[in-house]
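Notes follow once the structure below has been shown.
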Amino acid sequence: MNRRRSDVLPDEERTRLEGLVQEEREARRRAESLAETRLQDLYAKQQQIELLNTIASAANQSDSIAEVLRTALSAIGQFLDWPVGHAYLARKTANGEMELTPTGIWHLHMPDPVEAFRECTEDTIFRPGEGLPGRVLEQRVPVWVEHLEHDPNFPRRVAAALSGLRSGFAFPVMVGHEIACVLEFFTTETASRQPDVLALLAQAGIQLGRVVERNRHAERLIHHASHDPLTGLPNRRLFHDRLEHAIARYTREPESLFAVLFVDLDRFKLVNDSLGHTAGDELLTQVGQRLLTALRQNDTVSRPGSNSSTRPDDTLARLGGDEFTILLEGLHEPVDALRVAERLQAVLHKPFSIAGQTVYVTVSIGIATRPYGQVCPIAGTDGDGPTRAEDLMREADMAMYRAKSLGKARCEFCDPGMQSQALESLHLETDLRESVERNAFVVHYQPIMSLADNRITGFEALVRWERDGELLSPDRFISIAEDAGLIHLIDMQVLYAACHQLQLWNAQRSGPPLTISTNLSARQLTRPELVDEVAMILQGTDTPPEQLRLEITETATLGNLDELIATLKGLKALGVSLAMDDFGTGYSSLSYLHRLPLDILKIDRAFVAGLDRDEYSQRLVQTVINMARNLGLEAVAEGVESNTHAATLRALGCARAQGYYYSRPVPAEQASELLVVDRLPPSNP
Ligand code: C2E
Ligand code: CA
Ligand code: CA
């Protein structure tokens with residue numbers, strides 16, 4: 001019946017009913033989709049809450065700020081599925097500004113090596129506004145960078161590119177109104193800004209701040225237990241702890257050297273007895289302060305081209321009474337410890353004013369230093385057993401007693417072998433000083449080839465030292481010359497000789513003029529006279545500035561960057577070219593590369609050496625060459641030792657190369673002979 005009735009429904013009625021059905025269907029769809037979104041929302045919320053809960057509960061269980069940060073990094077990294085995260089601690093500098101120091105605490109979940117990025121990050125301190133974390137510090141809100149490689153304010157972009165990282169963000173951990181830490185995360189995909197994630201993390205930041213605050217309080221308590229109340233310096237317990245850590249570290253890196261210095265005031269009892277205990281305490285506090293200042297001038301042992309030039313902070317502790325101990329790490333040779341000891345003695349030289357009296361202080365210092373496993377003969381430790389903190393302390397103590405018995409105010413090594421080695425270095429320094437006066441240096445020349453046609457385009461000048469009839473390589477004396485403040489004299493002598501030689505060659509040449517590359521030690525790049533001296537040498541040798549290429553190493557960027565840039569600009573203004581030497585060995589400066597007015601990038605031979613071994617090296621070299629091209633720099637490869645190296649570099653688009661494959665560095669006369677041949681290697685036309 002129904003059917004029949006509908007059959008006879010008028011048209012307009014049918015349309016109306018159909019409309020109703022349609023409407024109802026749509027309403028249902030809307031309701032369903034709304035429910036689904038709500039469900040999704042709810043699910044997302046639940047996950048977010050879970051994240052906040054995880055952070056909260058894990059953080060509450062951690063008993064140090066480091067632990068809190070580690071937990072938070074890993075929880076957030078996993079939640080977002082972002083493979084790289086790192087934490088910075090904010091701190092106030094001496095001039096009251098805030099800055100961010102890397103903690104070395106990471107969330108790392110990447111199969112590919114992110115070594116370049118990690119090292120670069122751990123070497124950089126960010127000031128407000130600088131880079132990603134610096135922007136968070138300045139703006140106090142989360143910051144997102146979608147394209148790391150194109151961001152003008154992301155100094156680590158080259159390292160990030162080398163590590164395959166594309167996008168990143170950072171957010172602050174707030175304690176009240178103050179930023180305590182900044183956490184940053186990176187991913188290998190290009191990720192656009194996600195406001196809800198940032199909002200969530202801003203909340204996580206506040207939550208973490210509460211835990212950090214609680215831990216700070218606890219850490220203050222720990223500080224009391226591990227520090228000497230009189231001087232505020234670490235106490236015996238903490239020193240012992242640090243020493244054990246150092247020993248463990250050097251077990252893994254046995255080529256390094258560390259030292260324990262035992263410092264004891266001479267005749268302290270006299271002050272105590274004559275001026276009273278309060279005066280004695282005052283003296284100890286002031287001595288502690290001066291020792292600390294001397295240690296902070298932590299620059300004696302840096303080496304160009306080596307990334308260990310930033311030594312870890314030294315630990316100065318007060319054991320009790322008038323005894324202090326110092327732990328020096330990252331030394332290169334025993335003489336480094338001796339230099340520090342001499343500096344300590346020097347800062348104590350100026351009289352102290354205590355209780356209205358002038359007091360003179362000298363100290364006796366004992367040094368125990370050795371690579372891991374080597375045993376000090378006078379300490380009576382048996383055999384090759386593992387180094388223990390107690391042994392080192394005892395050895396340094398015994399050496400200190402020897403210093404006392406030999407007349408006080410002096411410094412003795414525990415190991416007589418070390419002593420003579422250190423003295424030998426000092427002796428070398430004296431010789432070097434004389435040689436600089438006599439100009440006893442020889443310059444060797446290594447051809448730099450055009451990869452396109454195997455022709456010589458110029459030479460790199462490399463210094464040699466003639467000592468007692470032997471020709472010493474730069475590795476044996478450059479660092480000593482740097483420490484002794486002689487390097488700039490050597491560099492200028494080499495520069496003069498090389499420019500002079502270049503003009504002799506170019507005068508006899510018909511083709512395009514050759515260029516000469518010389519090395520400038522990082523130590524002298526901030527000398528105000530440098531630019532004038534280079535100008536004078538160019539003039540004195542009639543060298544057109546465009547024929548000179550000055551090579552600096554990445555170590556140079558570890559100092560004051562603004563000063564460095566000013567010097568480099570001064571040199572550029574003369575018309576000379578600037579090269580970054582050993583590129584890729586000191587990642588610290590990767591982040592500053594684009595700020596330096598460079599023309600040339602020299603690819604370190606460590607990378608070239610891998611070219612015929614593994615694909616990774618090839619990719620790395622390719623990346624560096626591309627990067628050079630992007631920055632408008634010429635790429636020059638070092639350490640080309642085989643035809644494979646040369647061919648690969650040529651295929652990768654590298655312009656010039658040098659290495660034993662073409663020629664070792666040779667004296668000027670032999671270099672002249674190479675110029676006659678012109679195409680190298682001779683057997684390879
Ligand atoms: P550098 O500037 O990286 O110089 C290249 C070094 O690599 C040279 O060592 C050269 O002999 C070596 N070399 C060249 N081709 C090959 C190769 O195919 N295989 C291998 N294994 N090595 C190769 P050298 O002459 O001993 O110089 C060492 C370092 O001393 C230089 O490294 C540079 O940093 C420094 N230096 C040399 N001359 C001077 C100078 O006049 N002033 C300053 N400040 N430093 C200098
Ligand atoms: Ca060089
Ligand atoms: Ca080099």
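Whatever order the structure lists ligands and atoms in, that order sets their numbers, starting from 1. All values derive from a computational prediction rather than experimental measurement.
Of all atoms in ligand 1, numbered sequentially from 1 with element shown, those under 4.0 Å from a heavy atom of E460 are 2 (O), 4 (O). Atoms of ligand 1 lying under 4.0 Å from any heavy atom of E641, numbered from 1 in the order shown and given with element: 17 (C), 18 (O), 19 (N), 20 (C), 21 (N). Close contacts of ligand 1 with S521, meaning ligand atoms under 4.0 Å from a residue heavy atom, involve 44 (N). Atoms of ligand 1 lying under 4.0 Å from at least one heavy atom of Q446, given by number and element, are 14 (C), 15 (N). Interface atoms of ligand 1 facing V494, defined by a heavy-atom separation under 4.0 Å, are 41 (O). Shown in contact with G639 at under 4.0 Å from a heavy atom are these atoms of ligand 1, numbered in order with element: 16 (C), 17 (C), 18 (O). For ligand 1, the atoms closer than 4.0 angstrom to any heavy atom of D475 are 28 (C). Residue-ligand proximity, E638 to ligand 1, at heavy-atom distances under 4.0 Å covers atoms 3 (O).
By the 30° and 60° cut-offs, the orientation of the rings of W465 relative to F441 is tilted. Relative ring orientation between F117 and F154 is described as parallel, the plane-to-plane angle staying below 30° on a 0-90° scale split at 30° and 60°.
Nearest N, O or S atom of E638 to the Ca ion (ligand 3): atom OE2. Distances from the Ca ion (ligand 2) to each N, O or S atom of E551 single out OE1 as the nearest. Closest N/O/S atom of D581 to the Ca ion (ligand 2): OD2.
A donor-acceptor pair is defined here as one N or O able to donate and one able to accept, closer than 3.5 Å; no such pair exists between the side chain of R656 and the backbone of I448.
Salt bridge status for R467 with E470: absent, with no side-chain N to carboxylate O gap under 4.0 Å. In summary, D599 and K572 engage in a salt bridge, as defined by a charged side-chain N under 4.0 Å from a carboxylate O.
Nearest heavy-atom pair across V640 and A657 is CG2-CB, 3.7 Å. Scanning both residues, P447 and L674, for their nearest heavy atoms gives CG-CD1, 4.0 Å. A pairwise comparison of heavy atoms in L550 and V576 identifies CD1-CG2, 4.0 Å as the closest pair.
Between E482 and S521, the side chains place a donor N or O and an acceptor N or O closer than 3.5 Å (distance only, hydrogens not considered). Side-chain contact, T121 with R156: a donor N or O sits under 3.5 Å from an acceptor N or O.
Annotation: the span from K569 atom NZ to T567 atom OG1 amounts to 11.0 Å, rounded to 0.5 Å. The distance from atom CG of L344 to atom CG of L295, rounded to the nearest 0.5 Å, is 5.5 Å.
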### Message
Pair E434, R438 - check salt bridge (Lys or Arg N to Asp or Glu O under 4.0 Å), show working.
### Response
CA-CA 6 Å; E434 277 169 23; R438 287 187 289 116; 5.2 Å; no
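With distances taken over non-hydrogen atoms, the option nearest atom 7 (O) of ligand 1 out of R605, R664, Q658 is R605.
Put simply, part of R464 is less than 4.0 Å from ligand 1, judged by heavy atoms. Using a non-hydrogen distance threshold of 4.0 Å, E482 does not register as a contact of ligand 1.
At a 4.0 Å heavy-atom cut-off, ligand 1 touches I478 through the side chain alone. Neither the backbone nor the side chain of T518 comes within 4.0 Å of ligand 1, counting heavy atoms alone. Contact annotation for V640 and ligand 1: only backbone heavy atoms (N, CA, C, O) come within less than 4.0 Å of the ligand.
Counting backbone and side-chain atoms alike, T553 contributes no N/O/S atom closer than 3.0 Å to the Ca ion (ligand 2). Inclusion of D582 in the first shell of the Ca ion (ligand 2) is not supported: no N, O or S atom falls under 3.0 Å. Coordination check, E460 versus the Ca ion (ligand 2): passed, since an N/O/S atom of the residue sits under 3.0 Å.
Considering backbone and side-chain atoms together, D491 places an N or O closer than 3.5 Å to an N or O of ligand 1. In terms of polar-atom proximity, defined here as any N/O pair under 3.5 Å, P474 makes no such contact with ligand 1.
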